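As structure tokens, the structure follows; a few thoughts come after it.
Worth knowing before you read on, the calculation uses all heavy atoms, side chains too, and leaves out hydrogens, waters and symmetry mates. Here is the naming used below: chain letters follow the sequence lines, and residue numbers restart at 1 for every chain. Quick caveat, the model's predicted, so the values are computed rather than measured.
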2 protein chains.
Amino acid sequence: MRSRGGRATSARRLLLAALVTRPGHLSAEELAAEVQSRAPDVNLSTIYRNLEELERLRVVDRTHLGHGPATYHLASAAHGHLVCEKCGSMSEVPDQIFDGLAEQARERYGFVIHPNRFAVTGLCAGCQR
Amino acid sequence: MRSRGGRATSARRLLLAALVTRPGHLSAEELAAEVQSRAPDVNLSTIYRNLEELERLRVVDRTHLGHGPATYHLASAAHGHLVCEKCGSMSEVPDQIFDGLAEQARERYGFVIHPNRFAVTGLCAGCQR
DNA sequence: GTGCTTGCAAACGTTTTGCAGACTC
DNA sequence: GAGTCTGCAAAACGTTTGCAAGCAC
């Protein structure tokens with residue numbers, strides 16, 4: 001798993017371990033906390049640098065969920081995100097929900113969408129007053 | 001048009017004028033430049049404060065287009081955004097392209113999407129190598 | 001030993017905040 | 001005159017960078 005000319009450092013192993021053991025959407029800061037619980041002096045910038053490389057290698061996806069920090073998760077988990085603008089809750093939905101949009105975008109604009117890399121915002125069932 | 005207990009200040013008038021005369025997606029900084037061309041000492045923080053209020057009043061939509069600053073536009077312009085991850089280009093697309101997604105989200109999750117408030121990321125026609 | 005990788009500290013760009021004075025109503 | 005709004009300066013926030021030392025190979 002250690003990649004294209006890269007080296008197997010402990011910071012990287014721990015970061016991957018964190019991504020595997022805590023599935024879901026974690027910010028760089030949360031991942032850092034997780035890694036630091038085992039290796040206290042791994043620096044935040046190291047986390048960012050490695051996440052950047054892992055993103056380039058398509059091992060993780062980075063998603064901007066609304067206003068806060070970006071979140072990261074393993075690329076294997078194919079799903080989209082519905083984020084409520086009011087209460088901030090997020091639900092993961094299967095990729096198929098994007099099929100119609102994907103088809104239209106491709107046919108009409110030649111655009112290939114990446115459903116796991118963005119958040120669909122709106123109002124969840126509980127927040128529609 | 002001056003709203004619920006608010007006051008009609010010149011900074012606000014100029015900000016709305018900028019939003020009307022320059023349709024499209026403007027960052028807070030660009031809007032500030034536009035306003036400042038007529039009233040040089042309007043401060044950036046005033047722009048932010050007023051955009052925040054206008055967003056709360058649903059007069060403008062704020063959209064995060066990838067990594068840079070958020071962009072703002074009048075809420076009336078109903079359209080979605082396709083942003084290319086590689087070259088950064090953005091195209092606006094009619095809301096109908098989201099019809100299928102909107103229906104599925106509503107039926108299966110009770111979630112009402114707001115197509116103008118998020119960006120669909122992927123690869124544009126020119127960047128699919 | 002070579003050179004990729006790291007910690008640290010400092011910079012970055014965007015946005016938010018505290019405060020005293022200015023303005024609208 | 002009361003209370004909202006503003007400019008200014010500084011802080012906050014998430015993220016990126018430069019550098020010298022450290023480590024994997």
d([atom1], [X]; [atom2], [N]) in whole Å:
{"X": "A:Arg12", "N": "D:dC23", "atom1": "CZ", "atom2": "P", "result": "15 Å"}
{"X": "B:Glu30", "N": "C:dT15", "atom1": "CD", "atom2": "P", "result": "11 Å"}
{"X": "A:Ile47", "N": "C:dG7", "atom1": "CD1", "atom2": "P", "result": "8 Å"}
{"X": "A:His64", "N": "D:dG14", "atom1": "NE2", "atom2": "C1'", "result": "10 Å"}
{"X": "A:Glu55", "N": "D:dT15", "atom1": "CD", "atom2": "C1'", "result": "13 Å"}
{"X": "A:Glu53", "N": "D:dT17", "atom1": "CD", "atom2": "C1'", "result": "17 Å"}
{"X": "B:Arg7", "N": "D:dT6", "atom1": "CZ", "atom2": "P", "result": "10 Å"}
{"X": "A:Tyr48", "N": "C:dG7", "atom1": "OH", "atom2": "P", "result": "15 Å"}

Kindly give the heavy-atom pair with the smallest separation between B:Tyr109 and A:Pro94, and that separation in Å. OH-CD, 3.1 Å
I need the minimum non-hydrogen distance between A:His73 and A:Leu19, along with the two atoms involved. CA-CD2, 4.3 Å
Heavy-atom donor-acceptor pair, A:Arg49 side-chain to D:dG18 base, under 3.5 Å: yes
Using the rule given for side chain to side chain contact (heavy atoms under 4.5 Å, CB included), can you reason through A:Leu74 versus A:Val20, listing the C-alpha separation, both sets of side-chain angles and the distance that settles it, and then say yes or no? CA-CA 7 Å; A:Leu74 290 178; A:Val20 170; 4.0 Å; yes
Are there over 12 heavy-atom neighbours, none belonging to A:Glu85, within less than 6.0 Å of that residue's CD? yes
Counting only heavy atoms from other residues, nucleotides and ligands, does the tally under 6.0 Å from CZ of A:Arg38 exceed 12? no
Mapping A:Asn50 and B:Arg13 onto DNA chain C by nearest heavy atom, which one lands closer to the 5' end? A:Asn50
Is any side-chain N of the basic residue among B:Arg22 and B:Glu30 closer than 4.0 Å to the acidic one's carboxylate O? no
Nearest to the side chain of A:Glu29, heavy atoms from C-beta on, is which of D:dG14, C:dT16, C:dT6? D:dG14
Tell me which residues in residues 35-46 of chain A lie within less than 4.0 Å of DNA chain D, going by non-hydrogen atoms. A:Leu44, A:Ser45
Would you say B:Asp95 and B:Asn116 make side-chain contact, with heavy atoms under 4.5 Å? yes
